[in-house]
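One-based numbering, in listed order, for ligands and for the atoms of each. Sequential numbering from 1 along the given sequence is applied to the chain's residues.
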Amino acid sequence: MSFTAIERRTPPRLYRSKLFVPGSRPALFEKAAAGPADVICMDLEDAVAPADKDQARDNIVAALNDVNWGDKIVTVRINGLDTNFCYRDVLALVEKGGERLDSIMIPKVGTGADVYAIDMLITQASSHVGRKKKIGLEVIIETTLGLTNIDDICTASKRLESLHFGSADYAASQGMRTTNIGGGNADYVMLTDKHPDAARERHWNDLWHYPLFRMCQAARAHGIVPIDGPFGDYSDPDGFRVQAMRTAILGCEGKWAIHPSQVALANEIYTPPQKEFERAEAILAAMKDAQEKGLGAVALNGVLIDAASIRQAQVIVQQMAMIREKSKA
Ligand code: COA
Ligand code: MG
C-alpha cells in the first residue's frame, strides 16, 4: 500500500436503491417511506416545474419533520448553483427541516468550488439554528466539467459522502447523440473483422462506461461511495438489470430508482450473489489457514489466491453483514 492511506469517509450504510420522489407530489412521501428502498431522495430540481418550486420546498420541509422515515437514509436534491432557488433550498432545509435530514444532493456540480460554496451555506445555517447532526453531501457527476474536475470535487468538502452518475445531463453536456436516460444505442457499435467464413457481427458498446468507470475510480481514491444514476425506461426491467449489474461489478454500491418498480431490482442486484459470498468466505478461511502455515499464496479449487484476495473478499463479506443486519431490523 501507499503511505497515503485511503479511509472510507462515508459511514458504512446500505445504498443499494435510492428512490426519487418529486417534491411536488407529497402524496408519495409516505409510500416511499414505507417501501423497501435503502435511500429516499426528495427532489427539488428537474422533477419539479419552476412554478412549483416554492410549494415543493415547503412540502419537503414538512415531510422531513412529520414523516416516519424509519432507518432510511433521507436526502434532498436541491436546485443547481446557477439558479436562484439553490440558496433558498439549502437555508430552508437546514433551518426548518429538523434533524432527520441525512444529506443534501447537489446536481450538475462542475468544480470543487461549487461543493465548497454549498458546504459554507450548510455550515452557517447549521450553526445559526444549533443543528446537532452533521449533514452529508452527495454530488451528481453529470457534466463534462464535473468529470474533468472530479478529483478537485472529491476533496472540496469533508461533508462529501457519495458521487452519482447522471447519464441524461452528462450526454447533453457532451453533445452525445442520444436521448436515452441510460441504456444502449444501436449505432454505437463495433463490426467484427471481415472473414471469408463468417458473417460480420455488430457488437453494442456501453456508452456510459468511461464516465462511470472514471467516477468509480475517483470516488474510491478519495474514500467516497460511487452510485449509479437513473435508468429512464421503467417498463424495461431487463435493461435496468444489465446496466445495474455492470455498475455493481465496477464498484457502485447502488443505483437510483425513478419508479418504485426499480427498487427491488436494485436491492437484488447490489446484494452480492450468494455464490460470491460463499466463495469470499471460503477465501478468507483458506487464507487464514495459509497464514497460519506461513504461506503467502495458495490455491483454492485450482485458482490462485493471495493477500489481494483477502481484501476483495472482505468487501463482499462486510456488505453482506450490513444487509443481514438490515433484514433483521
Ligand atoms: N415514490 C413512491 N411511490 C411512487 C412513486 C415514487 N417516486 N412513483 C409512483 N409511485 C406509486 C404511485 O402512487 C402508485 O401507487 P398506488 O399503486 O398506491 O396507486 C404506484 O407507485 C404505481 O405508480 P405509477 O402509476 O406506475 O406511476 P405514476 O404514473 O404515478 O408516476 C413517475 C410515474 C415516473 C412520474 C413517478 O414514478 C415519478 O415521479 N418518479 C420519480 C421521478 C423523479 O423524481 N425524477 C428525478 C430523478 S431522475
Ligand atoms: Mg440531471
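- Distances shorter than 2.8 Å separate the Mg ion (ligand 2) from the protein N/O/S atoms Glu142 OE1, Asp169 OD2.
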Inset, instruction - Would you please test Trp204 and Tyr188 for ring pair (Phe, Tyr, Trp, His ring centres under 6.0 Å) and show each step? - result: CA-CA 6 Å; Trp204 289 41; Tyr188 191 66; over 10 Å; no

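- Near Ala47, meaning under 4.0 Å from any of its heavy atoms, are these atoms of ligand 1: 43 (C), 44 (O), 45 (N), 46 (C).
- If you number the atoms of ligand 1 from 1 as listed, the ones under 4.0 Å from a heavy atom of Asp43 come out as 46 (C).
- For residues 1-26, the set of pairs meeting the side chain to side chain donor-acceptor pair (under 3.5 Å) definition, not counting sequence neighbours, comprises Arg8-Glu253, Arg13-Tyr15, Arg13-Glu161, Arg16-Asp38, Arg16-Thr271, Ser17-Asn267, Lys18-Glu138.
- The atoms of ligand 1 that sit less than 4.0 Å from any heavy atom of Pro260 are 3 (N), 4 (C), 5 (C), 8 (N), 9 (C), 10 (N), 21 (O).
- Using a 4.5 Å cut-off on side-chain heavy atoms (C-beta onward), Ser157 and Tyr116 make no contact.
- Distance remark: protein heavy atom not present below 4.0 angstrom from atom 25 (O) of ligand 1.
- In this structure, atom 29 (O) of ligand 1 has no protein heavy-atom contact shorter than 4.0 Å.
- Heavy-atom proximity to atom 37 (O) of ligand 1, evaluated over Ile258, Val263, Ile40, Val21, is greatest for Ile258.
- Side chains of Leu81 and Ile106 form a contact here, defined as non-hydrogen atoms less than 4.5 Å apart.
- Of all atoms in ligand 1, listed by their number and element, those nearer than 4.0 Å to a heavy atom of Arg77 are 46 (C), 47 (C).
- At a 4.0 Å heavy-atom cut-off, ligand 1 touches Leu19 through the side chain alone.
- When only interatomic distances are considered, the shortest N/O to N/O separation between Tyr234 and ligand 1 does not fall below 3.5 Å.
- Polar contact with ligand 1: present for Lys31 (N/O pair, distance under 3.5 Å).
- Side-chain contact between Glu30 and Asn68 is absent, with no heavy atoms from C-beta onward closer than 4.5 Å.
- Between Val48 and Asp43, the shortest heavy-atom distance links the atoms CG2-O, 3.3 Å.
- Taking only nitrogen or oxygen atoms, main chain and side chain alike, His259 reaches within less than 3.5 Å of ligand 1.
- Looking only at protein heavy atoms, the nearest one to atom 47 (C) of ligand 1 is Phe20 CD2, 3.4 Å.
- Phe240 carries Lys255 over the face of its six-membered ring, with the cationic atom under 6.0 Å from the centre and within 45° of the normal.
- We find the NE2-CG distance between His259 and Leu265 to be 11.5 Å, quoted to the nearest 0.5 Å.
- Contact analysis puts Arg25 in contact with ligand 1, with a non-hydrogen atom separation below 4.0 angstrom.
- Interface of Leu28 with ligand 1, defined as ligand atoms under 4.0 Å from a residue heavy atom, comprises 2 (C), 3 (N), 4 (C), 5 (C), 6 (C), 8 (N), 10 (N), 13 (O).
- In the vicinity of Pro22, heavy-atom distances shorter than 4.0 Å reach the ligand 1 atoms 39 (O), 41 (C), 44 (O).
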